[in-house]
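By convention in this document, chain letters (A, B, ...) are assigned in the order of the sequence lines, proteins followed by strands, and residues within each chain are numbered from 1.
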There are 2 protein chains.
Amino acid sequence: MSTSLIRQLRDAGYKITPPRLAVLEIIQREGEHLNPNEILAHAQAIHPQTGRATVYRTLELLTQLGIVRPIYVGDSGPTYIRAQGGHHHLVCSRCGAVIDFDQCVADGMERELEERFGFRITSHLLEFYGLCAHCQTLTSAALSE
Amino acid sequence: MSTSLIRQLRDAGYKITPPRLAVLEIIQREGEHLNPNEILAHAQAIHPQTGRATVYRTLELLTQLGIVRPIYVGDSGPTYIRAQGGHHHLVCSRCGAVIDFDQCVADGMERELEERFGFRITSHLLEFYGLCAHCQTLTSAALSE
DNA sequence: CGATTATTGAGATGGATTCTCATTTGTTCG
DNA sequence: CGAACAAATGAGAATCCATCTCAATAATCG
């Protein structure tokens, strides 16, 4: 498992502990869209004593270090993803359906924003909101009643 | 205050009630980035009996109708914005600072996505994550200790 | 205006997150 | 290697936010 992330933690002055290793391992392995509860469960599979509070604390830490990031999609609570690259969604505001798409024009903007605002950008999120094909028909049906 | 939103509610078969009017009014007026609690407080300034549950119910309704949309930025919980046009943020994953910027390339993608997925798109959110200028210095300081 | 039905408000409930604090464990340094 | 120190942990309590329940109310339609 990635030693560079471990080095990043250590260099920032944090201790390398079993729960932190477990959470890192899970983010590396499973990666996408696990919520804190699921992360806890997976972590306990690796290090059974892992407590809930520690998972929350670790996720906060990894977020601050720019290693992971919470994402809110649909109605459910936060899920965590690796904080690198882009995530692109089409979200139906009526039924909550989510479609992922790939091509994205945001990368082209990163350089310019970094220069303009002095940021070091590591990831982005692009979401479009509207009505999916299905919910469009529902809405017009409601209107014509 | 906007009669078109009221018509939209009525046409969709919903009743026009004081709490709904109050929330609509607030979204129109204040518009940006109020959380449910703040919306409740403002609504009670207009219609004192307004209950918390009703605010949540109304926000859910307005979300489904594509009038408002929750947004999660930084660490705090959801805030609500008008669901139209674009919102563009630069978010520091370490300190949570948020910078708004204007120019956006996403508009150019809407048409194509609408055709490809059959969506009717009404708004978008583009967020870049990374380290702000200040937190970059903090991190390198930590590294050099 | 009266009937019908959606909507409301108050409080109970539920679930997720954070806090507290005594204990444990990494890390550093002799 | 083996203290010593500070950081990190885990268990449960406490808090906070959101949802649910249900009897009472009020908007709409004829």
Legend entry - Donor-acceptor under 3.5 Å (Arg120(B) side chain, Glu114(B) main chain): no

To the nearest 0.5 Å, what is the distance between [atom1] on [X] and [atom2] on [Y]?
X	Y	atom1	atom2	value
Ile27(A)	Arg69(A)	CD1	CZ	12.0 Å
His89(A)	Tyr129(A)	NE2	OH	9.0 Å
Leu9(B)	Ile16(B)	CG	CD1	4.5 Å
Leu62(B)	Ser93(A)	CG	OG	11.5 Å
Ile121(B)	Leu90(A)	CD1	CG	5.0 Å

Legend entry - Most 5' of Tyr56(B) and Tyr14(B) on DNA chain D, judged by nearest nucleotide: Tyr56(B)

Inset, instruction - Hey, can you tell me if Tyr72(B) and Tyr72(A) have their rings parallel, tilted or perpendicular (30° and 60° cut-offs)? - result: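 Plane angle under 30°, so parallel.
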
So, OP1 or OP2 of [N]: does either fall under 4.0 Å of a side-chain N or O from [X]?
X	N	result
Arg57(A)	dT17(C)	no
Thr17(B)	dA27(D)	no
Arg20(A)	dG26(C)	no

Atom [atom1] of [X] to atom [atom2] of [N]: distance rounded to whole Å?
X	N	atom1	atom2	result
Arg52(A)	dA16(C)	CZ	P	8 Å
Ile16(A)	dT9(D)	CD1	C1'	15 Å
Arg10(A)	dA6(D)	CZ	C1'	16 Å
Leu21(B)	dT7(C)	CG	C1'	13 Å

Legend entry - Contacting residues from residues 35-50 of chain B, given that a heavy atom lies under 4.0 angstrom of DNA chain D: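 Output list: Pro36(B).
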
Inset, instruction - From the options dA11(D), dC20(D), dC17(D), select the nucleotide whose nearest atom is closest to the side chain of Ala53(A). - result: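 Within the option list, the nearest is dA11(D).
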
Legend entry - Of the listed nucleotides dT8(C), dT27(C), dT9(D), the one nearest the side chain of Thr54(B): dT8(C)

Legend entry - Earlier contact from the 5' end, DNA chain C, for Pro18(B) and Lys15(B):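 Nearest nucleotide further toward 5': that of Lys15(B).
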
